[in-house]
Amino acid sequence: MIQMLWPSACCGSDEKTYMVGGWAWAWWLITDIQRITLEIMTLQPKCEDVETAEGVAITVTGVAQIKVMTDHDLLAIACEQFLGKSVPEIKGVVLQTLEGHLRSILGTLTVEQIYQDRDKFAQLVREVAAPDVGRMGIEILSFTIKDVYDKLDYLSSLGKTQTAAVQRDADIGVAEAERDAGIREAECKKEMMDVKFLADTKMADSKRELELQKAAFNQEVNTKKAEAQLAYELQAAKEQQKIRLEEIEIEVVQRKKQITIEEKEIDRTEKELIATVKRPAEAEAYKMQQLAEGQKMKKVLTAQAEAEKIRKIGAAEAGSIEAIGKAEAEKMRLKAEAYQQYGEAAKTALVLEALPKIAAKVAAPLGRTNEIVILSGEGNRVTGEVNRLLAELPASVNALTGIDLLKVRRDLALEAHCSPVHLCL
């Protein structure tokens, strides 16, 4: 709200003071105060049945936002134009101005230009009306076309034609777009695969380079670690060697002292052993030596006596065996002389003496036989077989021994001056 204060005419002054917001002093009955709004005012201009450039009557409605400008010079102009008027009166003046410019612009445009590009149409109205409204101290903040229509269905027919054309173009555009999209999709896929292969190749190369670098780094690190470890171990070995050398020197000193102590202990022990062991041991050894020599002499004498005993027993046995052998030899000699003297009769006697022994040896297996059964188909066959065996016995003995039993039997019968005796074997 703007407050305008000026003194009364009785004071002889027409100076005006403008106060935008805030407060100010005013003299009662002296100062005249008038107000004008600075708020945004909304206008709805409407032009009915306005003919366009083609002579088509259309109705256009819009919305405008206006306000009083606060610049000092323009504010003074606005106060001169609208001070003392109400807000509806101010809105009415500006509305008529906007509608006039709107009508004039509609007459220069076609329906298609108005309908298809409303923003351009509204911008044109704002540019044309702004100077006139500005000379009244009013500023157009915004102006938009709200609606455009007609009573002859021109816009609807235009819309249908346009819709069909748009639909046709849309279908064509969709087909072309699908075609282009397919082509582009294939190209994109190819590019994507190329990029992917290139990226994979670069990734593989990068990975290989990374692995090579890591391997090189690891090798270098391991080399440094190994060198450090070897240096540490070498230094530790040197230090350990120094420590060991010192320990050896200490051990050598200790060993020398120990050897000295042991040598003295050995001397002492040797003297002690000589006194306590060697001398008694030598005495005991001499004693044992004497005892061993006595035992040895005893065993030697005992062995000599035993050997003499065995020799004499052997000589006695040998003489006995010799006497027995001589007696046996003499006996055999005498038998031989007797057999030679008797001649064939002695040999026969020897055979007769041996026959019972031979028969016993031959009949020994039959002694373990309980029963002998001879099977024959004829009753006198067994007797014949037995007689045949007995008849063949002298021939078998003659073949085995060379002695003729039949001749021996005859000779014995002649010598006994008796009849022949049957031998039963």
Side-chain angles (χ1 to χ4, degrees), residues 259 261-370 393-417 421 423-425:
I259 290 171
I261 295 171
E262 288 178 356
E263 288 176 352
K264 293 181 179 179
E265 182 66 21
I266 288 170
D267 293 338
R268 187 191 64 80
T269 304
E270 184 178 358
K271 292 178 180 179
E272 183 179 358
L273 288 174
I274 290 172
T276 59
V277 177
K278 184 177 181 181
R279 300 304 182 190
E282 288 177 352
E284 186 67 22
Y286 180 76
K287 177 181 176 182
M288 295 300 294
Q289 183 178 1
Q290 296 300 321
L291 291 174
E293 289 179 356
Q295 290 292 333
K296 177 181 178 182
M297 185 60 67
K298 179 180 178 181
K299 289 181 180 180
V300 168
L301 293 176
T302 302
Q304 291 177 354
E306 188 68 25
E308 185 65 22
K309 175 182 176 181
I310 292 171
R311 185 181 63 77
K312 290 181 178 181
I313 292 172
E317 290 179 351
S320 175
I321 292 170
E322 183 180 2
I324 293 171
K326 290 180 178 181
E328 291 289 335
E330 185 64 23
K331 179 181 178 182
M332 293 298 294
R333 186 182 64 78
L334 294 174
K335 283 185 177 182
E337 292 178 355
Y339 292 154
Q340 186 176 8
Q341 184 179 359
Y342 289 107
E344 196 67 30
K347 294 179 182 180
T348 303
L350 290 174
V351 171
L352 293 176
E353 289 179 0
L355 283 177
K357 296 179 180 180
I358 295 172
K361 294 292 183 181
V362 172
L366 296 177
R368 294 189 295 271
T369 303
N370 294 328
L393 180 61
S396 300
V397 172
N398 189 15
L400 293 172
T401 62
I403 299 172
D404 188 359
L405 293 178
L406 295 177
K407 184 179 179 181
V408 171
R409 184 186 65 179
R410 287 194 299 269
D411 292 339
L412 291 175
L414 292 175
E415 291 177 359
H417 302 282
V421 179
L423 297 176
C424 295
L425 298 175

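For the side-chain contact (heavy atoms from CB on, under 4.5 Å) test, residues two or more places apart in sequence or in another chain that qualify with Ile310 are Glu306. Under the salt bridge (Lys or Arg N to Asp or Glu O under 4.0 Å) criterion, Lys326 pairs with Glu322, not counting sequence neighbours. For Arg311, the salt bridge (Lys or Arg N to Asp or Glu O under 4.0 Å) partners two or more places apart in sequence, or in a different chain, are Glu308. Partners of Ile321 under the side-chain contact (heavy atoms from CB on, under 4.5 Å) rule, at least two apart in sequence or in another chain, do not exist in this structure. With sequence neighbours excluded, the residues satisfying side-chain contact (heavy atoms from CB on, under 4.5 Å) with Glu263 are Ile259. For Gln295, the side-chain contact (heavy atoms from CB on, under 4.5 Å) partners two or more places apart in sequence, or in a different chain, are Lys298.
Using a cutoff of 4.0 Å between basic side-chain nitrogens and carboxylate oxygens, Lys296 and Glu293 are not scored as salt-bridged.
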